[in-house]
2 protein chains.
Amino acid sequence: MKNNNQKKEKVNLFQKLQNDLSRIINETPPGERLKSEPELSADLGVSRATLREAMRSFEGQGLIRRRQGVGTFVLDRNQNIETGLEVLESIETLASRLGLEVRMGFLEVNQLAADEAMAAKFDLSLKSPVNRIARVIWISERPVAYLIDNVIPQVISLEELDDTFTGSVLDKILRRNSPELSFSKTTVSATPASPAIAKKLQLQRDDVLLKMEAYLYTKDGAMIDYSESYFIPGFFRFQVIRSIGNQNPGNG
Amino acid sequence: MKNNNQKKEKVNLFQKLQNDLSRIINETPPGERLKSEPELSADLGVSRATLREAMRSFEGQGLIRRRQGVGTFVLDRNQNIETGLEVLESIETLASRLGLEVRMGFLEVNQLAADEAMAAKFDLSLKSPVNRIARVIWISERPVAYLIDNVIPQVISLEELDDTFTGSVLDKILRRNSPELSFSKTTVSATPASPAIAKKLQLQRDDVLLKMEAYLYTKDGAMIDYSESYFIPGFFRFQVIRSIGNQNPGNG
DNA sequence: AATAGCCTATTGTCAGACAAATGATTTTCG
DNA sequence: CGAAAATCATTTGTCTGACAATAGGCTATT
């Protein structure tokens with residue numbers, strides 16, 4: 001009996017591979033070549049086929065460039081956070097995937113009573129309690145984003161927001177795997193910085209911000225989190241693949 | 001005399017596979033299962049390993065969900081897309097779909113020589129001609145957007161931009177159905193209005209604009225149009241559905 | 001010195017095999 | 001008979017080894 005796999009943990013091999021490969025890519029200076037695929041697969045203990053799936057995934061994220069006959073090269077990320085909008089992930093998860101060092105500043109947690117607008121969003125009655133979690137995200141000693149989550153206490157109570165809280169409501173819900181999430185409906189816009197936000201982000205008032213409003217839904221169809229996010233444009237590039245719609249069949 | 005923009009017949013196998021697979025996914029109703037990987041790879045004429053690289057790429061975009069022992073399923077990515085970003089359409093088509101009356105002002109058409117940045121985008125040589133089409137969009141007697149298309153002359157020549165031209169490069173290409181389009185890679189950002197654009201949109205300088213940069217690709221994988229679009233935020237709200245990444249393996 | 005051809009390293013693709021997970025089916029047994 | 005256990009078929013996950021295609025460097029020839 002040939003057994004080349006002594007022990008396989010329950011964790012997803014592919015995810016572990018993605019982490020390892022992500023680390024290697026991040027540790028490699030932009031423009032440099034990675035080791036060859038046979039070498040890497042040997043180093044990482046996976047087959048070349050599996051490694052190539054991960055490579056393809058990173059290529060799709062614009063982190064590497066593969067050239068047949070030459071090698072695989074690390075692209076210059078230019079300290080930009082560039083990500084697809086199709087999949088929702090926390091900025092902390094995104095940053096660690098990109099090898100950027102982020103830290104959180106100015107965590108503010110309040111419980112407030114729902115005003116009319118908020119009550120309507122959550123389909124709650126007026127003055128129901130809503131937990132508001134606001135934070136500033138720093139990258140390389142500069143504030144780059146301001147994020148506000150409004151979440152109903154049934155999903156995240158104030159007691160849960162202890163030392164272990166990283167700041168990301170999304171990550172917390174995902175980690176405990178309850179409730180099961182389905183999708184987020186996000187609206188993209190632009191806005192001048194209000195005085196309050198400008199101060200937090202060390203900007204001038206009315207400087208330009210990219211704004212996203214997101215409604216997070218569970219598989220039951222309940223809306224459990226309404227967030228407003230403000231990004232300094234220079235640091236963030238959000239991508240989306242737009243497919244070609246059904247053409248007008250009338251014209252042939 | 002050597003224009004290397006002509007595509008070799010031997011197009012990227014992976015790109016072709018992505019197109020085929022994309023069509024299959026789009027034709028499959030959400031929630032339905034795709035054929036098994038061995039079947040699909042046989043249908044599409046590629047090996048299972050290559051197919052799986054493409055699958056991984058689509059999984060990363062949140063289009064499908066794969067479950068070991070069960071199959072691969074098409075996710076429901078458009079619960080409600082009204083002005084969603086998922087599908088590319090011209091602003092003229094969008095407006096007519098919404099019953100808005102739009103008109104075009106300030107159509108400007110130039111031919112310019114590609115500078116370094118533009119040449120790199122199109123993979124052309126320096127100073128190759130590029131046609132630039134800029135226009136202002138008006139809705140209800142107010143300018144609301146400024147759109148710039150840069151397109152290679154092989155796709156749209158200056159002679160084609162006659163009276164019948166509505167202003168939309170996208171619509172023109174779609175109407176004549178050549179070349180066949182595949183998708184657009186769009187980046188969303190925010191920017192203050194430059195003096196030139198502010199004047200065209202009747203704004204103050206440094207007023208906030210939503211900016212989109214889009215690269216339009218044909219089914220051959222060639223990039224044929226690079227566009228910059230500036231929208232006044234109050235008039236546009238772009239939505240996108242973001243699915244939850246599969247953080248938890250094999251847990252139905 | 002310039003050029004054409006060869007060599008080698010690297011990614012691209014393939015075929016086949018087995019492992020692991022899942023849901024349906026059949027068997028076992030109280 | 002009914003429920004639990006075992007079995008089976010299907011499907012994705014991963015591995016192995018091989019060959020093709022490409023690019024860049026090296027060498028021999030002119």
Side-chain angles (χ1 to χ4, degrees), chain A residues 1-21 24-25 28 31-60 62-75, chain B residues 4 7-21 24-25 28 31-60 63-75 123 220-221 246-252:
Chain A
M1 164 153 347
K2 63 186 281 191
N3 234 350
N4 16 18
N5 264 354
Q6 291 107 325
K7 171 163 58 160
K8 192 182 291 192
E9 295 185 17
K10 203 66 182 288
V11 291
N12 203 335
L13 175 63
F14 184 79
Q15 284 208 331
K16 177 182 182 319
L17 171 60
Q18 271 198 323
N19 285 333
D20 294 345
L21 192 52
I24 288 177
I25 290 175
T28 304
E32 292 266 307
R33 218 201 68 191
L34 294 180
K35 286 206 228 182
S36 73
E37 293 181 355
E39 280 180 291
L40 274 180
S41 60
D43 288 357
L44 299 174
V46 298
S47 76
R48 206 182 138 214
T50 303
L51 173 74
R52 279 181 59 80
E53 287 189 36
M55 294 282 240
R56 183 69 79 183
S57 152
F58 282 104
E59 188 182 33
L63 294 177
I64 56 176
R65 164 91 189 275
R66 304 149 88 195
R67 296 174 59 198
Q68 184 169 356
V70 185
T72 300
F73 297 84
V74 176
L75 294 181
Chain B
N4 56 351
K7 267 308 192 187
K8 290 180 287 190
E9 50 175 303
K10 163 88 174 166
V11 289
N12 199 339
L13 173 63
F14 185 80
Q15 192 105 35
K16 178 181 180 321
L17 172 59
Q18 272 198 322
N19 284 330
D20 293 345
L21 192 52
I24 289 177
I25 291 175
T28 304
E32 294 260 312
R33 216 201 69 192
L34 294 180
K35 288 207 234 182
S36 74
E37 292 180 356
E39 280 180 290
L40 274 181
S41 60
D43 289 357
L44 299 175
V46 298
S47 76
R48 208 182 137 215
T50 303
L51 174 74
R52 279 180 60 81
E53 288 189 36
M55 294 281 241
R56 184 69 78 182
S57 145
F58 282 104
E59 187 181 34
L63 295 176
I64 55 176
R65 165 87 190 273
R66 305 146 87 195
R67 296 174 60 196
Q68 184 171 355
V70 185
T72 300
F73 297 84
V74 175
L75 294 181
D123 199 17
D220 298 332
N246 34 354
Q247 26 79 39
N248 213 355
N251 200 347

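By convention in this document, chain letters (A, B, ...) are assigned in the order of the sequence lines, proteins followed by strands, and residues within each chain are numbered from 1. Keep in mind that this is a model prediction, so the values were computed, not measured.
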Enquirer: For residues B:S41 and B:L51, report the shortest heavy-atom separation together with the two atoms involved.
Expert: N-CD2, 3.8 Å
Enquirer: Rounded to whole Å, how long is the line connecting atom CD of A:E53 with atom P of D:dT12?
Expert: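 Taking CD of A:E53 and P of D:dT12, I get 12 Å after rounding.
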Enquirer: Which residues satisfy the side chain to side chain donor-acceptor pair (under 3.5 Å) test with A:N19, sequence neighbours excluded?
Expert: none
Enquirer: Rounded to the nearest angstrom, tell me the gap between atom NZ in B:K35 and atom P in D:dT11.
Expert: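 That distance rounds to 12 Å.
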Enquirer: Write down the distance between CD (B:E37) and P (C:dA17), rounded to a whole number of angstrom.
Expert: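 Value for this atom pair: 18 Å.
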Enquirer: If the cut-off is 4.0 Å, is B:T72 near the phosphate of D:dT12, judged by side-chain N/O to OP1 or OP2?
Expert: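 The answer is yes; a side-chain N or O of B:T72 sits under 4.0 Å from OP1 or OP2.
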Enquirer: Calculate the interatomic distance between B:E39 atom CD and D:dT10 atom P; express it in whole Å.
Expert: 11 Å
Enquirer: Suppose we screen for salt bridge (Lys or Arg N to Asp or Glu O under 4.0 Å). Which residues come up paired with A:R48, at least two apart in sequence or across chains?
Expert: A:E37
Enquirer: Go through C:dT10, C:dG12, D:dT14 for me and flag the one nearest to the A:S36 side chain.
Expert: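 Minimum distance to the A:S36 side chain belongs to C:dT10.
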Enquirer: Got a list of protein N/O to nucleotides 14-16 of chain C N/O distances below 3.5 Å?
Expert:
unit_1, atom_1, unit_2, atom_2, d
C:dC14, OP2, B:S47, N, 2.8
C:dC14, OP2, B:S47, OG, 3.2
C:dC14, OP2, B:T50, OG1, 2.9

Enquirer: Between atom CD in A:E59 and atom P in C:dT11, what is the gap in whole Å?
Expert: 12 Å
Enquirer: Restricting to side chain to side chain donor-acceptor pair (under 3.5 Å), what partner residues turn up for A:E32, sequence neighbours left out?
Expert: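 Partners of A:E32 by the side chain to side chain donor-acceptor pair (under 3.5 Å) criterion come out as none, since no residue qualifies.
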Enquirer: Got a sec, which residues hit side chain to side chain donor-acceptor pair (under 3.5 Å) with B:T72, two or more places apart in sequence or on another chain?
Expert: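 Result, side chain to side chain donor-acceptor pair (under 3.5 Å) vs B:T72: none returned.
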Enquirer: With B:T28, which residues qualify under side chain to side chain donor-acceptor pair (under 3.5 Å), at least two apart?
Expert: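 Expected list: none.
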Enquirer: If you restrict it to nitrogen or oxygen atoms, what contacts under 3.5 Å exist between nucleotides 23-26 of chain D and the protein, and what is each distance?
Expert:
unit_1, atom_1, unit_2, atom_2, d
D:dG24, OP1, A:R67, NH2, 3.1

Enquirer: Name all residues meeting the side chain to side chain contact (heavy atoms under 4.5 Å, CB included) criterion together with A:S57; count only those two or more places apart in sequence or in a different chain, and write none if there are none.
Expert: A:Q18, A:Q61, B:R56
Enquirer: Nearest whole angstrom, please: distance from the P of C:dG12 to the CD of B:Q18.
Expert: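 In whole Å, C:dG12 P lies 13 Å from B:Q18 CD.
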Enquirer: Check the distance between C:dT22's C1' and B:F73's CZ and give it to me in whole angstrom.
Expert: 10 Å
Enquirer: Which part of the nucleic acid, if any, lies within contact of A:R33, taking any heavy atom under 4.0 Å across all strands shown: a base, the sugar-phosphate backbone alone, or nothing?
Expert: sugar-phosphate
Enquirer: What integer distance in Å separates A:L40:CG from C:dT10:P?
Expert: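 From A:L40 CG to C:dT10 P: 11 Å.
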Enquirer: When you compare the side chain of B:M55 with that of B:L40, does any pair of heavy atoms fall below 4.5 Å?
Expert: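 With C-beta onward as the side chain, the pair touches.
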Enquirer: Please name all residues satisfying side chain to side chain contact (heavy atoms under 4.5 Å, CB included) with A:R65, sequence neighbours left out, ordered by chain then number.
Expert: A:R67, A:L75
